[in-house]
There are 2 protein chains.
Amino acid sequence: MPLPPLAAIRAFEAAARHANFTKAATELGMTQAAVSYQIKLLEDVLGTPVFLRQNRRVTLTRAGRRLAGPTTEAFDLLRDAYTAPDDDMTLTISTLVTLASNWLAPRVGRFQMAHPQIAVRMSTEAHSVDFKSEEFDVAIRYGDGQWPGLRAHEVMPVAFTPMISPTLLEQYGPLHDPAELMRLPFIDPEDRNIAFWLDEAGISDRPAKANAPIMIGAQTGEAAAAIAGHGVAFLNPAFFRIELETGRLIQPFDQVSTDGKSYWLVYPESRRHNLKIVAFRKWVLAEAVADQ
Amino acid sequence: MPLPPLAAIRAFEAAARHANFTKAATELGMTQAAVSYQIKLLEDVLGTPVFLRQNRRVTLTRAGRRLAGPTTEAFDLLRDAYTAPDDDMTLTISTLVTLASNWLAPRVGRFQMAHPQIAVRMSTEAHSVDFKSEEFDVAIRYGDGQWPGLRAHEVMPVAFTPMISPTLLEQYGPLHDPAELMRLPFIDPEDRNIAFWLDEAGISDRPAKANAPIMIGAQTGEAAAAIAGHGVAFLNPAFFRIELETGRLIQPFDQVSTDGKSYWLVYPESRRHNLKIVAFRKWVLAEAVADQ
DNA sequence: GGCATTGATAAACCTAGCTTATGAATGGAT
DNA sequence: ATCCATTCATAAGCTAGGTTTATCAATGCC
């Protein structure tokens, strides 16, 4: 046995509460005629009147009284549930491991300081998160910023420049010309970014590197290897500011190259007004700007 | 802050319960596309997804889980309230005093025997009850059966025939011809029904009765006066079967006249399928037939 | 006695919400 | 491995449900 039309039930609920069709209509943002119609419809469906029409006033019948209680209770539940502010103040971020460990993680504490009510849950994902099937508020992606259905904000370009340890620099003598770099071992010779940098530096003579890659993919690992003096790592200077400032890593050349791609903050277009997301977006972009 | 569209909430409730849009659609008697549309609409309104779309299955998001509980609870309340059998098993009858006291009251016990779950509340009203402003299930009315919006079943014609006590008959000698009736005192000479009977009997010579009416209107009172031997009362033989059978009243002539009107069982057209009303209608009409 | 207010009703209109049709993805059976 | 069944998404198009507008009847109130 199906429920009567919900519009009729809603009209009844308001009318019962006010004992007045006109006031109910005002509350519901419709006309008195519409309420009258809906109540009549409900009575037709139920097969029994729910209101007695007395002079300029309406009174619940017994059947009406029986229904009014549970109905109002039900709508109270719905109103409570659907009008409650979004109290889920957990911001879930899907990040790329490199950006997360070298840039975001050290800074995210400041975001929490600024927004103490927002808890942050960071998750580093190997694959590109699909907002439709996984529950993330925002993600950091690598690419060109074109993802249909998603809004993307550029956080920073994917940049890199050779870095070595002071020990290694001492060992191979001062580097004045980028070409001299080729004498040094590369930590991950197969790193595709290297070509971008060498191209931009105008180095065409590229003898194959003998050494097997020490670390693949994880920039943090490459950095550690570089610090240990194992060779040249092509790293994002924005990620290793501290190491550069403390001298644990040395950036021999000013030239910083990119592969044309960037890191992007992305989230579903439809959630662009979500408070948590707005707050995080503003914070991230400000951090990125301040970083340059 | 208004609720999201109720259709969307309902679709969500079913979908959340089944964790499956197709099953929800089946339950709601609509297509899967409609459920999909409503869920999407809800998510648009809320500004947050309520389901994660995973391969061939859907899962509630945190927001969805937060809403699903209260929503199902609310709909359970509504379903309980609106699909509960009409447990108001009190049949409220508005009757005319004459029919009530002389015919209905003595018989209504049998109705209750036949329908033990139905309580009967009879009320004798001076005015014709308005179903729109007063809470009655059925009424007995006097008239021609034409009341807009009401369904009317003829219970019995308004019939009358002269009745006297045995004492009075003895006193005035045997009555062979209706014209002889005019010698007797009439208990209520102003009773408008008398003319109908006399017309039908072909009596045109009608000397004015000297006696003031003893009782007006209440047939029971007239009957009591007649039994006491105070004169002729024009009464409905159906109402005084016992008195006639026991000889306390005598019906001198077979002729029974009517004023062209009847007693009718009436109730709102819209409630013609109500269980209580159907039961009572069947019973009353069967009683009336058995009575003839 | 006139006015303000309430609910009922008829007519006309419009869009919310449905169906139909189709596609994409994939889990499971053979 | 392949095919099929099943799931949800989406676009297009239609229809009736629900709304507004306009008006009436009734009556409580000043």
Side-chain angles (χ1 to χ4, degrees), chain A residues 2-45 49-61 64 127-128 130-134 148-149 268-270, chain B residues 2-45 49-61 64 127 130-134 148-150 268-270:
Chain A
L3 282 178
L6 292 174
I9 296 183
R10 175 176 45 190
F12 168 65
E13 194 272 336
R17 217 159 3 88
H18 292 287
N20 180 313
F21 290 6
T22 306
K23 290 205 181 70
T26 305
E27 175 185 310
L28 297 174
M30 54 199 208
T31 59
Q32 168 268 322
V35 172
S36 181
Y37 168 87
Q38 293 291 352
I39 301 287
K40 192 185 186 53
L41 179 68
L42 179 66
E43 292 177 328
D44 281 356
V45 172
V50 291
F51 280 108
L52 296 176
R53 276 70 166 182
Q54 288 153 339
N55 313 325
R56 296 187 49 180
R57 62 182 219 156
V58 288
T59 316
L60 287 167
T61 60
H127 64 283
S128 203
D130 174 11
F131 288 103
K132 290 188 177 177
S133 63
E134 290 173 81
E269 181 77 28
S270 59
Chain B
L3 282 178
L6 292 174
I9 297 182
R10 174 177 45 190
F12 168 66
E13 193 271 337
R17 218 161 0 89
H18 293 289
N20 181 315
F21 290 6
T22 306
K23 290 204 182 72
T26 305
E27 175 184 309
L28 297 174
M30 55 198 206
T31 60
Q32 168 269 323
V35 171
S36 181
Y37 167 87
Q38 292 291 351
I39 301 286
K40 191 184 187 52
L41 179 67
L42 179 67
E43 292 177 329
D44 282 354
V45 171
V50 291
F51 280 107
L52 295 177
R53 276 69 165 182
Q54 288 152 337
N55 312 326
R56 296 187 51 180
R57 61 182 222 156
V58 288
T59 317
L60 285 169
T61 61
H127 64 284
D130 173 11
F131 287 103
K132 290 189 177 176
S133 64
E134 289 173 83
L150 301 183
E269 181 78 25
S270 58

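Values in this document were obtained by computation on a predicted structure and should not be read as measured data. Naming convention: chains lettered A, B, ... in sequence-line order (proteins, then strands); numbering from 1 in each chain.
We find that CE of B:Met30 is positioned 18 Å from P of D:dA16, with the value rounded to whole Å. Protein atom NZ of A:Lys40 is 15 Å distant from nucleotide atom P of C:dG7, rounded to whole Å. In this structure, B:Tyr37 atom OH and D:dA9 atom C1' are separated by 14 Å, rounded to whole Å. Here D:dC8 presents its P atom at 11 Å from CZ of B:Arg57, a figure rounded to the nearest Å. Put simply, CG on A:Leu6 is 14 Å from C1' on C:dA16, counting in whole angstrom units. Rounding to whole angstrom units, CG of residue B:Leu28 and C1' of C:dT19 are separated by 15 Å. For the pair B:Leu42 CG and D:dA9 P, the interatomic distance rounds to 13 Å; values are reported in whole Å. Put simply, CG on B:Asp44 is 13 Å from P on C:dA16, counting in whole angstrom units.
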message: Set out, in order, the CA-CA distance, both residues' side-chain angles and the distance that settles side chain to side chain contact (heavy atoms under 4.5 Å, CB included) for B:Ile39 and B:Glu43, then state yes or no.
response: CA-CA 6 Å; B:Ile39 301 286; B:Glu43 292 177 329; 4.1 Å; yes
task: Would you please test A:Leu60 and A:Phe51 for side chain to side chain contact (heavy atoms under 4.5 Å, CB included) and show each step?
output: CA-CA 4 Å; A:Leu60 287 167; A:Phe51 280 108; 3.5 Å; yes
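Across all strands shown, B:Val58 has heavy atoms under 4.0 Å from sugar-phosphate atoms exclusively, and none from any base.
For A:Arg53 and C:dA8, the shortest distance from a side-chain N or O to OP1 or OP2 is below 4.0 Å. Using a 4.0 Å cut-off, some side-chain N or O of B:Thr22 falls inside it from OP1 or OP2 of D:dC8. Residue B:Ser36 places none of its side-chain N or O atoms closer than 4.0 Å to OP1 or OP2 of D:dC8.
Closest to the side chain of B:Thr31, from the set C:dG7, D:dT10, C:dT19, is C:dT19. For B:Lys132, whose side chain is taken as the heavy atoms from C-beta onward, the closest listed nucleotide among D:dT7, C:dT9, D:dT10 is C:dT9. Of the candidate nucleotides C:dG7, C:dC18, D:dG18, D:dG18 has the atom lying nearest to any side-chain atom of A:Gln38. Residue B:Pro5 places its side chain closer to C:dG17 than to any other of D:dA9, D:dT7, C:dG17. Taking only side-chain atoms of B:Asn20, from C-beta outward, the nucleotide of D:dT10, D:dG18, D:dC8 with the closest atom is D:dC8. Of all nucleotides listed (C:dC18, D:dA9, D:dT19), C:dC18 comes nearest to the side chain of B:Ala34.
Rounding to the nearest 0.5 Å gives a distance of 10.5 Å between CD of A:Glu27 and CZ of A:Arg10. Once rounded to the nearest 0.5 Å, the distance linking NZ of B:Lys23 with OG1 of B:Thr26 reads 8.5 Å. The line from CG of B:Leu28 to CE of B:Met30 is 5.0 Å long, rounded to the nearest 0.5 Å. The distance from the CD atom of B:Glu13 to the CG atom of B:Leu6 is 12.5 Å, given to the nearest 0.5 Å.
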Taking only nitrogen or oxygen atoms into account, show me every contact under 3.5 Å that the protein makes with nucleotides 21-29 of chain C, one pair per line with its distance.
residue: C:dG27; atom: OP1; partner: B:Asn55; partner atom: ND2; Å: 2.6

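Heavy-atom minimum distance, B:Leu42 versus B:Ala8: CB-CB, 4.0 Å. Looking at every heavy atom in both residues, A:Gly64 comes nearest to A:Phe12 through O-CZ, 3.5 Å.
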